[in-house]
Amino acid sequence: MKGTYSEIYLDDAIRNMGEMIEYGEEACGVNQDFLLRMFIRSGYASRWEKGDPRVICGLSGTELCRRLIDGSFTGRETKPAPIVRYDTGEAYWRGFVLAYYQWRSGRTFSEILMFIGRKDLQRMYTAYHTASEEKTADELEALLLRRDSISRLQLYRKRLGMTQQELAVRSGVNLRTLQEYEAGRKNLRQAAAEKVQSLSTALWCSPSDLIGTWQD
């Protein structure tokens, strides 16, 4: 099995990701998908993918989450106390399997988040939370590959729970134009750079994340 970093760090990494998601959602009220957007944009995701031990095991999941919130626009001044429990729940499981899948697949968190979000993992929880990490990772890979014809713009919008109207307002892009981009009737690659930048800013991603389709 090929991982993106040494397997000696894997147990710490998957536990810390589980703790990060759990603390972010249950203590801080920050949705998993939004938290992972902050994780990617902060640069911590890239360091994690490269196996930087200062990130994957040098910080607890709670500490990492607090750093992400500190660097965001949430304006939160106080941090809730760490969660102390002797079992793990659904939010922890989502982070746990996500970190394992990233390690096993070698995909970036940015790529994974384009295809797989919080709701997907929630739907899988009942059937897979007692299954092996390998079996869950196989199902996530199959799900990712089935989604190779959906526009990135639509997936990013849905990951953040936005309607087309909400995205149009936040980005300043005309609603009809936005609908045509999502339907493929207009090519986002041919849009003005300012328009792509406005959409990516509203969706918490980079302009390059929005360009093209999964078949590129």
Side-chain angles (χ1 to χ4, degrees), residues 1 3-5 9-42 44-46 48-49 55-56 59-62 64-65 68-69 72 74 82-83 85 87-163 203-205 209 214:
M1 182 184 301
T4 57
Y5 48 83
Y9 297 124
L10 182 59
D11 286 345
D12 284 338
I14 58 182
R15 284 197 300 267
N16 284 337
M17 182 63 70
E19 182 181 310
M20 185 183 88
I21 299 300
E22 179 183 63
Y23 177 76
E25 288 199 346
E26 298 185 7
C28 303
V30 180
N31 177 285
Q32 170 192 308
D33 293 334
F34 190 75
L35 186 62
L36 290 174
R37 282 276 166 261
M38 292 192 285
F39 183 55
I40 292 165
R41 293 191 66 174
S42 69
Y44 279 112
S46 177
W48 182 294
E49 292 153 5
V55 177
I56 58 178
L59 297 170
S60 70
T62 297
L64 182 54
C65 183
L68 296 177
I69 291 173
S72 77
T74 59
I83 294 174
R85 61 169 43 144
D87 58 356
T88 59
E90 186 255 348
Y92 180 95
W93 178 85
R94 281 187 269 118
F96 183 95
V97 298
L98 186 65
Y100 180 83
Y101 174 60
Q102 186 280 320
W103 176 81
R104 178 179 170 181
S105 68
R107 298 183 184 275
T108 65
F109 283 102
S110 183
E111 181 182 10
I112 293 169
L113 191 56
M114 290 175 188
F115 295 99
I116 297 166
R118 179 176 185 266
K119 291 183 179 178
D120 297 311
L121 292 168
Q122 285 178 315
R123 284 192 289 267
M124 291 174 62
Y125 178 71
T126 300
Y128 287 92
H129 76 280
T130 57
S132 68
E133 291 90 350
E134 291 85 357
K135 183 174 181 179
T136 306
D138 286 343
E139 180 59 27
L140 288 173
E141 181 70 7
L143 175 62
L144 185 149
L145 293 175
R146 289 196 297 269
R147 291 181 169 173
D148 65 352
S149 62
I150 301 175
S151 77
R152 298 183 181 193
L153 179 61
Q154 183 184 74
L155 274 181
Y156 271 114
R157 175 178 63 78
K158 289 185 174 182
R159 288 288 175 266
L160 294 181
M162 283 190 207
T163 65
L203 293 170
W204 268 69
C205 63
D209 288 333
W214 305 124

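Between Arg159 and Asp120, at least one side-chain N (NZ, or NE/NH1/NH2) sits under 4.0 Å from a carboxylate O, which counts as a salt bridge. The pair Glu141-Arg107 counts as a salt bridge, with a side-chain nitrogen and a carboxylate oxygen less than 4.0 angstrom apart. Between Lys135 and Asp138, no side-chain nitrogen of the basic residue sits less than 4.0 Å from a carboxylate oxygen of the acidic one, so the salt-bridge criterion is not met. The residues Arg104 and Glu133 are annotated as not salt-bridged, no charged nitrogen and carboxylate oxygen being separated by less than 4.0 angstrom.
Considering Trp103, Tyr44, Tyr9 as possible partners of Ile56, the one that fulfils the side-chain contact (heavy atoms from CB on, under 4.5 Å) test is Tyr9.
Here the closest non-hydrogen pair linking Leu203 and Arg157 is CD2-CA, 3.6 Å. A pairwise comparison of heavy atoms in Thr136 and Trp93 identifies CG2-CZ2, 4.0 Å as the closest pair. Scanning both residues, Ala45 and Ile40, for their nearest heavy atoms gives CB-CA, 3.7 Å.
Side-chain contact between Leu68 and Val30: absent, with no pair of heavy atoms (C-beta onward) separated by less than 4.5 Å.
Taking Phe39 as the reference, Trp48, Phe109 meet the ring-ring contact (aromatic ring centres under 6.0 Å, His included) condition, with sequence neighbours excluded.
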Practice item. For Arg94 and Glu90, run salt bridge (charged side-chain N to carboxylate O under 4.0 Å, His left out): C-alpha distance rounded to whole Å, both residues' side-chain angles, the deciding distance at 0.1 Å, then the answer. Key: CA-CA 6 Å; Arg94 281 187 269 118; Glu90 186 255 348; 2.7 Å; yes
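Sorted by first and then second residue, the pairs that involve residues 26-39 and meet salt bridge (charged side-chain N to carboxylate O under 4.0 Å, His left out), not counting sequence neighbours, are Glu26-Arg85.
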